Amino acid sequence: MLSKWAKARACLSPIFTIRFISSSSYSYSSSSASIHPIPIAKPLLPHEALNDVSSKELALSIKDWFKSRNDVLLDRIYEILVEKDDDNVSRRRDTELNRLGFRLNEELVLKVLNHCIDKKKGTGTQEIYACLKFFDWAGRQPGFSHTRVTFNAIFKILTKEKLMNVMLSFLDKFKNQRHGHNVRFYDTLVMGYAIAGKPEIALQLFGKMRFQGLDLDSFAYHVFLNALVEQGIFDVVDVIFKQITMRGLDNEVTSSLRVKSFVKQNKLKEAEAFLRGLESSGGTVNDSMLGILVDALCKANKFDEAGKLLKDFWELKNVPMPAAYDKWIRNLVRAGNINEAMEFLRDKQFLEGYLPVAFRYNVLIGRLLRENRLMDVYDLLLEMREGKVTPDKGTMNSVLCFFCKAGMVDVAFDLYNSRLEYGLSLSSMAYNYLINTLCGDGSVDDAYAVLSDSIDQGYFPGKKTFAILARALIRVNRLDKMINVIKFALEHNVPCDDIFCEVIFALCVAGRADDAYRMHAELSKTGKVTDRNAFLEMIRAFSTSNRGNMASKLLIEMQENGYTPTRYLYRSVIGSICRGENPENHFLALLEMQLSRQQPEPDIYNFFIDGAGHAKAPGLARRVFDTMLANGVEPLLSTKILMLQSYLKGGRIDDALNFFDYMHNAGKLGNRVYNTLLVGLCKAQQANKAHECSRWLRSRGFLPTLQYYEELVNSYCLVKDYRMVVKVIQEMEQDGRQASTFIGNVLLYHAYWGQFGALYDSFVNFEATPKEASLSSKLTLGHLVGLFSGRFNKVCQDQFLENMDEVVSQCFPPDLFTYNMLLRRLTMSNKMDNASQLFHKMCMKGFEPNMWTYDIIIRALWRHGKIEDAKALMYKMERKGCAFTYRVGLIRRQM
């Protein structure tokens, strides 16, 4: 299990699990906490801890702590209450609740109501109705009558959840069933309407009571008073205070409400004066009153005054402090003073044995988690367990988040899978942490399952978590699940435009262009705009699959969304149209639509002529050219060049020459047009025509470009007319042009792969190259071809093989392709040492090896039995993200 813990070693104490597990055998009775303190296990050495404790044992230990809540009965009651309602279920619910055989009393009713509210997820209301169902059922049971306390509890729940209509309906029903409950009737109504935010009705009922000679009791008075204070009706508050005082009902609750009233009115000095006066006069000051004022001072950013107030009352030694400490710690954390809060907690624990309730621990832990202070979180969790603080829902969520942050996703996921055993209901934060951690751990399917559960429970992850999960699903090619995640996001209005576009991109790459378009359509329905890159990828996908109609549609949509298509995008769309059915109709329809969108300009015509030319559809290009003339748009020189290229690319050589004549007769042409004609003829495998035209143009003062010579040499080499290759090179040199890298590579390639020695023999027969060469003098291209073909003496060949790149550089600048050719020549000559030296020299000169470089070296090493060296190079390829060639892949499978 050492590997399980290696991820957490940097941030967790190695005795973490030992201390949790060692205390699992102790009792969790909170009543005995102060009598039987839990001993702390002795620290173990790191390796002992890591070897002795497994993640499974740790998870079991944590589960035992969670189960100490002992809410089995409450969980069962809740399960019965949340069943979907119908007549049969209602009858069965009564039966099953009766069958549980618990003793119904005020305390249990309050526990059930609180437990149902604790189960509440998101904005769901089924837990509220579960409270109402149990309250109704309990009121109908023989031997039990609701008390003012239980009524007050249900009123508070309904008010807090803003279910005022339900609350008022409940009160109206209670008025109509006056004798349905053995409880003070008017007291309940006054409390209920006051809590429900209807003080005018509560006052009317209170007046009616007094008119009938009735009065509220102490409990009802204080509930009524608290509701009035909460609603800020201070003129009535003063009246009720007087009524309470006149009847001698003043107590600690009254004093607390006086402090609360001062605070609500922002009379903090009066509140402090009241508390100090109460204490000096011998009255009772409790921590609730003190906590209310401390909380108010902190919220007013008067931390110094709040701290002094705490210190003064602590020194009196006769005022309980825990509630005030809780408020102080919470406000310190809220203000970002986490270190001060932790220091205060430690001091009070050491001096007074102060132990916060679970809620206050949760506040501290939540902030520490956000700051990644995992050791402090660990200390607090262990402290809670050793102090027998019963974990609540917040604590359990914090523990799960803690294990996620600590890198122990296996423990966190185990706790998640076992959540029903101990009633864990995950919070949105816990869901976010768990999904993020599972994605980082590579458990993407598990993360998706957690997302589905979170949505069922009424939570949807934040934008960041959503993005992490979506990208993880893209990475492992779970595209259907990824689509579902996107739909969830749309339904919950999660801002994720950038992720949408990544999803569209991934679907296009996977060949699912239709799904990508549907995703784009869904995004458009929400009023959001698909970004430019996503449009480009969808158009590429539809163009590649020859669905020109869809590609055209997307091109128009792209423009409608404010994006300007490029020449290359038009080229792609037009190409797909030309490869599909009815190309002419679709092509002309798209042209007409584009012309209708804007003032006809030469550029748009150029795009369509260029696209048709690349699609080898010169007839369509000519239709565009003629349309341009018919619309009165004067063709630019670039337009005419594109038209000429269209004929040449489409193989219509005679039409190209005729169009050239038309251009020539229309006016003087520049070198750009001449070069276009010559290069186009070469690429169309019309080398002789190109050569003939070049001589005619040279006679008129035109000097052919180096590009022309490159294409002409390549064209003659392809048909193995090496005599003409030598002649063209001689003409090139006579024109004062040096051989380019491209020409040099073409010659080396044909010297190596062509008919043995045929290219070199052509150089010799043309009397352009002597039959022997000395490496000490400057070499010609003919010499280089001869050396590469192996036609010189052994001494000269050996010298060449030792310094190939330097010899080559005398004739032309080498590039990566050149080095790959040289490496292949060396490896095929079994010169592995020379090949290794050349490989390192190439890297030192800044050339980055590609897949073919590695292919050459790895295959040579394999042939020579150097398996480990071949493996090392394969590993290097993988590390660099370099793809394997087919033959290297075969070698890899054989290793």
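When a residue number appears, it is its place in the shown sequence, counting from 1. Computation of the quantities below employed the complete heavy-atom set of this structure, encompassing side-chain atoms and omitting hydrogens, waters and symmetry-equivalent molecules. Please read these numbers as outputs of a predicted model, since none were measured by experiment.
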Asks: For the residue pair V444 and L438, establish whether any side-chain heavy-atom pair is separated by less than 4.5 Å.
Replies: no
Asks: Please give me the minimum heavy-atom distance between L81 and A130, naming the atom from each residue.
Replies: CD1-O, 3.6 Å
Asks: Give me the atom names and distance for the closest heavy-atom approach of A430 to L400.
Replies: O-CD2, 4.0 Å
Asks: Does some side-chain heavy atom of N286 sit less than 4.5 Å from a side-chain heavy atom of S256?
Replies: yes
Asks: Is there a donor-acceptor contact under 3.5 Å linking the side chains of Y433 and N397?
Replies: no
Asks: Which atom pair, heavy atoms only, marks the closest approach of S398 to I365?
Replies: CB-CG2, 3.6 Å
Asks: Is a donor on one side and an acceptor on the other found under 3.5 Å between the side chain of S452 and the backbone of Y448?
Replies: yes
Asks: Report yes or no: does N417 contribute a side-chain atom to a donor-acceptor pair with the main-chain N or O of F413 at less than 3.5 Å?
Replies: yes
Asks: Which atoms form the tightest heavy-atom contact between L434 and A412, and what is the distance?
Replies: CD1-CB, 4.1 Å
Asks: Sequence neighbours left out, what passes salt bridge (Lys or Arg N to Asp or Glu O under 4.0 Å) with K311? Give chain and number order.
Replies: E315
Asks: Write down the atom of V229, the atom of L257, and the distance for their closest heavy-atom approach.
Replies: CG2-O, 4.5 Å
Asks: If only atom types and distance count, is the side chain of R478 paired as donor or acceptor with the main-chain N or O of V476 below 3.5 Å?
Replies: yes
Asks: For L310 and W314, what are the C-alpha separation, side-chain angles and deciding distance, and is it a side chain to side chain contact (heavy atoms under 4.5 Å, CB included)?
Replies: CA-CA 6 Å; L310 276 176; W314 176 78; over 6 Å; no
Asks: Would you check if there is a donor-acceptor pair between the side chains of N372 and K405 at a distance under 3.5 Å?
Replies: yes
Asks: Are K260 and N226 close enough that a side-chain donor and a side-chain acceptor fall under 3.5 Å?
Replies: yes
Asks: With R373, which residues qualify under salt bridge (Lys or Arg N to Asp or Glu O under 4.0 Å), at least two apart?
Replies: E371, D376
Asks: Run the side chain to side chain contact (heavy atoms under 4.5 Å, CB included) check on Y431 and T465 step by step: do they pass?
Replies: CA-CA 9 Å; Y431 276 120; T465 300; over 6 Å; no
Asks: Report yes if the side chains of C298 and W328 come closer than 4.5 Å at any heavy-atom pair, otherwise no.
Replies: yes
Asks: The test is side chain to side chain contact (heavy atoms under 4.5 Å, CB included); show your working for K327 and L293 and say whether it passes.
Replies: CA-CA 9 Å; K327 297 285 187 182; L293 183 53; over 6 Å; no
Asks: Got M321 and D287 here, is their nearest side-chain heavy-atom distance under 4.5 Å?
Replies: no
Asks: Within a strict 4.5 Å, meaning less than it, do heavy atoms of the L108 and R103 side chains meet?
Replies: no
Asks: Would you compute the distance between atom CE of M384 and atom CG of D379 and round it to the nearest 0.5 angstrom?
Replies: 13.5 Å
Asks: Would you say the side chain of L97 lies within less than 4.5 Å of the side chain of Q141, judging by non-hydrogen atoms?
Replies: no
Asks: So which atom in M289 and which in V259 form the shortest heavy-atom distance, rounded to 0.1 Å?
Replies: O-CG1, 3.8 Å
Asks: Taking side chain as C-beta onward, heavy atoms only, is D414 less than 4.5 Å from F403?
Replies: no
Asks: Please work out which of the three classes, parallel, tilted or perpendicular, describes the rings of F134 and F102, given edges at 30° and 60°.
Replies: tilted
Asks: Run the side chain to side chain contact (heavy atoms under 4.5 Å, CB included) check on R367 and R334 step by step: do they pass?
Replies: CA-CA 8 Å; R367 186 55 183 251; R334 183 187 296 160; over 6 Å; no
Asks: Not counting sequence neighbours, which residues clear salt bridge (Lys or Arg N to Asp or Glu O under 4.0 Å) with E252? List them please.
Replies: none
Asks: Considering only heavy atoms from C-beta outward, does the side chain of L374 approach that of L369 to under 4.5 Å?
Replies: yes
